[in-house]
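Please read these numbers as outputs of a predicted model, since none were measured by experiment.
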Amino acid sequence: MSLLDVSSFAAGQWIEPGAGARSIASAITGAPLAQAGNDALDVQGMLDYARTVGGPSLRKLTFHDRARMLKALAGHLNQHKQALYDLSFDTGATQSDHMIDIDGGIGTMFVFASKGRREMPDAHVYLDGDVEQLSRNGTFLGQHICTPLQGVAVHINAFNFPVWGMLEKLAPTLLAGVPAIVKPATATCYVTELAVRLMLDSGILPEGALQLVSGGLGDMLDHFGMQDVVSFTGSADTALKLRANPVILKNSVRFVAEQDSLNASILGPDAHPGTPEFDLFVKEVSREMTTKAGQKCTAIRRIIAPEAQVEAVIEALSARLAKTTIGDPRLETTRMGALVSNGQKRDVLEKAAIISQEATPVYGDPDGFAVDGADAEKGAFVPPMLFHCADPDKAQRIHDTEAFGPVSTIMGYRDLGHAITLANRGEGSLVASVITHDAEVAREVALEAGAYHGRLYFNNRDSMKESTGHGSPLPHMVHGGPGRAGGGEELGGVRGVKHYMQRTAIQGSPNILSAIGQKWVPGSTEIEGPAHPFTRKFGELSIGETLHTAPRTVTLEDIETFAHFTGDTFYAHMDDDAAKRNPFFPGRVAHGYLLLSFAAGMFVQPDEGPVLANTGLDSLRFMKPISAGETIKVRLTVKKKTPRNEEYGEVRWHVTLTNQDDEIAAEYELLTMNAF
């Protein structure tokens with residue numbers, strides 16, 4: 001059988017393996033499967049191509065353009081995922097594992113596409129936070145903005161998730177407007193290469209937006225500048241070597257790391273045999289030990305249970321692990337496949353031996369276990385291995401040694417404070433979970449353990465049917481952790497996109513800020529439109545277009561009618577003496593919502609037209625009460641426009657309600673959907 005040549009894609013060309021190529025073996029059989037690597041790659045040329053071709057092409061697009069691009073890419077991969085499944089079996093992954101890696105990666109890209117359209121502007125500048133008033137009269141303001149870095153992002157990925165590991169980094173990078181060079185782990189790079197080919201062949205990506213290194217990076221990082229980013233997933237030792245690169249240090253190159261993690265799961269003191277939480281705990285631990293053969297950066301490595309429940313957990317967990325069928329991952333009956341390689345198998349067994357110096361094996365014998373449809377000696381198979389540490393306070397290796405496979409250690413705790421101390425002994429993890437039905441237990445863990453863990457996952461009988469699991473990083477939530485876990489953050493929605501942008505403080509007049517952010521800032525120039533703004537289509541409206549209404553006087557009859565009609569007879573509106581005793585009111589005042597209703601009636605144009613719906617009201621503030629006899633007027637300004645589809649877009653209006661002395665009584669933002 002001929003070897004599969006895994007190529008690199010550099011500066012617009014596919015380059016086959018050459019000098020320095022490395023052989024890749026099947027995780028199932030141990031036989032050579034593919035080869036990858038080429039020492040002759042022009043790394044400087046790749047960087048220049050990304051910076052001068054890919055970057056400018058991406059930056060011409062708005063955030064919404066790039067979000068639509070991500071959605072199209074995800075859809076294209078989704079149509080071809082069977083080919084990725086078929087190829088991925090040789091990594092040792094089962095069909096269920098494919099769902100996490102391949103479907104999970106595609107799903108992550110879909111989420112970032114959605115968030116890009118919903119939470120980011122259809123513009124080139126992302127506004128970060130509110131406008132800051134830096135002067136008394138508001139003529140000098142400040143605002144934070146984010147713009148794409150003008151370099152390249154190099155993604156160095158681990159072997160365990162050849163598709164998800166790439167897409168979870170690639171989605172926020174492309175959404176930010178930065179080109180990427182993807183460097184997958186060589187052991188599984190043949191799966192990543194196919195995913196990259198599919199994306200490039202789709203014709204969806206601009207030229208230069210994506211390149212691939214199958215094999216080693218060579219001296220690429222030595223050519224990095226201050227606009228470039230390294231995003232790394234792997235071991236702490238490798239991360240340290242990369243971080244220590246003199247060029248990385250000299251140029252303050254951004255380095256996002258996700259590395260070793262001694263993740264823990266705590267069985268709450270309220271959970272004991274017979275409770276839903278106890279059964280859930282055993283199920284979660286078993287799943288985390290066996291999914292991807294334990295080769296997950298979020299897998300549970302330390303099982304922390306009340307001392308009185310340790311034996312019960314060992315018994316229940318051992319019984320569940322005994323039902324795990326190990327074998328050729330292509331078999332439908334297989335529940336756990338192989339490790340990625342025999343080299344990884346040796347590493348896992350070596351680390352398990354270190355753990356055994358402080359803990360006793362209670363389940364799983366690597367020298368005697370059954371494998372269906374494959375040779376246990378030739379393939380990279382190991383059984384689930386459970387250890388018990390009787391004295392976790394004196395032990396050290398169980399808290400600092402990660403066997404990256406189906407290996408976990410159970411230990412007992414005396415009280416909740418002790419459990420938290422043990423969880424924090426990992427010196428930083430990606431995730432710690434707590435299975436409890438006691439909200440106070442969850443609160444104490446959050447307060448005392450939060451600083452040591454990137455994510456805290458709480459689950460119980462109330463959430464178990466819909467929860468995503470201890471080991472599932474979600475694109476909506478931050479993935480990363482302090483200390484040993486690398487100190488980085490990935491995913492987390494728009495937070496992940498910001499890693500590839502520069503936050504800049506801008507200062508200037510309201511007009512300057514409005515022009516830069518493409519969002520009207522109070523105090524900037526108002527535009528008088530040719531007709532009532534509600535009679536004009538989305539594309540005809542201009543940012544800053546303003547309507548000033550005629551005034552209206554609020555009467556006592558208005559206040560009483562509104563009170564009796566709505567049932568809101570709060571004393572401040574009905575009892576003059578009581579209202580005067582309130583330091584906020586001069587006497588009876590109009591209802592705030594009466595003022596909003598009047599405002600709508602004052603600026604609305606009632607005829608059928610391009611305004612399709614009122615979809616919301618944001619940032620409402622009442623600043624000054626209005627009494628009977630006072631006069632109000634309204635200013636309605638087009639603050640921001642966001643296309644939603646081919647038929648309509650969202651218009652955000654700035655609404656200011658003032659009294660007869662031009663003092664602001666209320667201010668808010670109105671959202672409408674307007675036809676194109």
Side-chain angles (χ1 to χ4, degrees), residues 92-97 99-100 160 261-268 271-306 309-327 329 333-339 348 352 355 359-366 369-372 381-389 398 402-412 423 429-436 457-461 463-465 467-473:
T94 65
Q95 183 62 39
S96 295
D97 296 334
M99 301 290 285
I100 299 172
N160 51 339
S261 183
L262 276 296
N263 309 299
S265 187
I266 300 173
L267 178 65
H272 51 78
T275 64
E277 285 72 31
F278 184 90
D279 295 339
L280 173 62
F281 182 77
V282 172
K283 179 181 179 180
E284 289 259 18
V285 172
S286 174
R287 180 172 58 195
E288 291 305 314
M289 287 183 66
T290 58
T291 299
K292 290 286 289 185
Q295 298 170 115
K296 291 173 64 182
C297 55
T298 53
I300 295 170
R301 306 300 180 194
R302 296 176 300 143
I303 308 163
I304 303 173
Q309 310 300 346
V310 168
E311 289 302 322
V313 173
I314 291 174
E315 181 180 349
L317 183 55
S318 297
R320 192 173 184 93
L321 292 173
K323 298 177 182 178
T324 303
T325 304
I326 305 168
T333 55
T334 295
R335 293 294 173 265
M336 191 177 91
L339 298 174
V348 167
I355 291 171
T360 304
V362 292
Y363 182 86
D365 181 3
F369 64 101
V371 175
D372 288 355
F381 296 94
V382 295
M385 289 176 277
L386 180 64
F387 292 84
H388 172 228
C389 180
I398 64 168
E402 181 182 23
F404 202 72
V407 181
S408 194
T409 303
I410 185 168
M411 61 200 77
S429 82
L430 297 172
V431 55
S433 59
V434 185
I435 309 301
T436 180
Y457 166 86
F458 299 98
N459 201 2
N460 57 35
R461 68 192 74 179
S463 55
M464 56 191 267
K465 290 183 179 179
S467 65
T468 51
H470 163 104
S472 299

Between [atom1] on residue [X] and [atom2] on residue [Y], distance to nearest 0.5 Å:
{"X": "His388", "Y": "Ile314", "atom1": "NE2", "atom2": "CD1", "result": "5.0 Å"}
{"X": "Thr409", "Y": "Ile355", "atom1": "OG1", "atom2": "CD1", "result": "4.5 Å"}
{"X": "Met289", "Y": "Leu386", "atom1": "CE", "atom2": "CG", "result": "5.5 Å"}
{"X": "Ser433", "Y": "Asn263", "atom1": "OG", "atom2": "CG", "result": "8.5 Å"}
{"X": "Lys465", "Y": "Leu280", "atom1": "NZ", "atom2": "CG", "result": "12.5 Å"}
{"X": "Ile100", "Y": "Thr291", "atom1": "CD1", "atom2": "OG1", "result": "5.0 Å"}

[X] to [Y] - nearest heavy-atom pair and separation:
{"X": "Ala403", "Y": "Ala352", "answer": "CB-N, 4.2 Å"}
{"X": "Val310", "Y": "Gly412", "answer": "CG2-CA, 3.6 Å"}
{"X": "Ile304", "Y": "Ala423", "answer": "CD1-N, 3.7 Å"}
{"X": "Ile435", "Y": "Ala271", "answer": "O-CB, 4.3 Å"}
{"X": "Phe369", "Y": "Phe381", "answer": "CZ-O, 3.4 Å"}
{"X": "Val362", "Y": "Ser318", "answer": "O-OG, 4.3 Å"}

Is the backbone N or O of [Y] less than 3.5 Å from a side-chain atom of [X], with the two atoms forming a donor-acceptor pair by type?
{"X": "Glu277", "Y": "Arg461", "answer": "yes"}
{"X": "Ser408", "Y": "Ile300", "answer": "yes"}
{"X": "Asn459", "Y": "Met464", "answer": "yes"}
{"X": "His470", "Y": "Thr298", "answer": "yes"}
{"X": "Thr290", "Y": "Ser286", "answer": "yes"}
{"X": "Thr334", "Y": "Gly337", "answer": "no"}

Open item on the list: Can you pull out every salt bridge (Lys or Arg N to Asp or Glu O under 4.0 Å) where at least one residue sits in residues 289-304? Sequence neighbours excluded, please.
Closed with: Glu288-Lys296, Arg301-Glu402
Contact between [X] and [Y] at the side-chain level, heavy atoms closer than 4.5 Å - yes or no?
{"X": "Tyr457", "Y": "Ser467", "answer": "yes"}
{"X": "Leu317", "Y": "Ile410", "answer": "no"}
{"X": "Pro384", "Y": "Ile326", "answer": "yes"}
{"X": "Ile398", "Y": "Phe387", "answer": "no"}
{"X": "Pro361", "Y": "Met385", "answer": "no"}
{"X": "Leu339", "Y": "Pro406", "answer": "yes"}
{"X": "Thr436", "Y": "Asn460", "answer": "no"}

TODO: Any chance you could lay out the side chain to side chain contact (heavy atoms under 4.5 Å, CB included) test for Phe281 and Ile266, step after step, and finish with the verdict?
DONE: CA-CA 8 Å; Phe281 182 77; Ile266 300 173; 5.8 Å; no
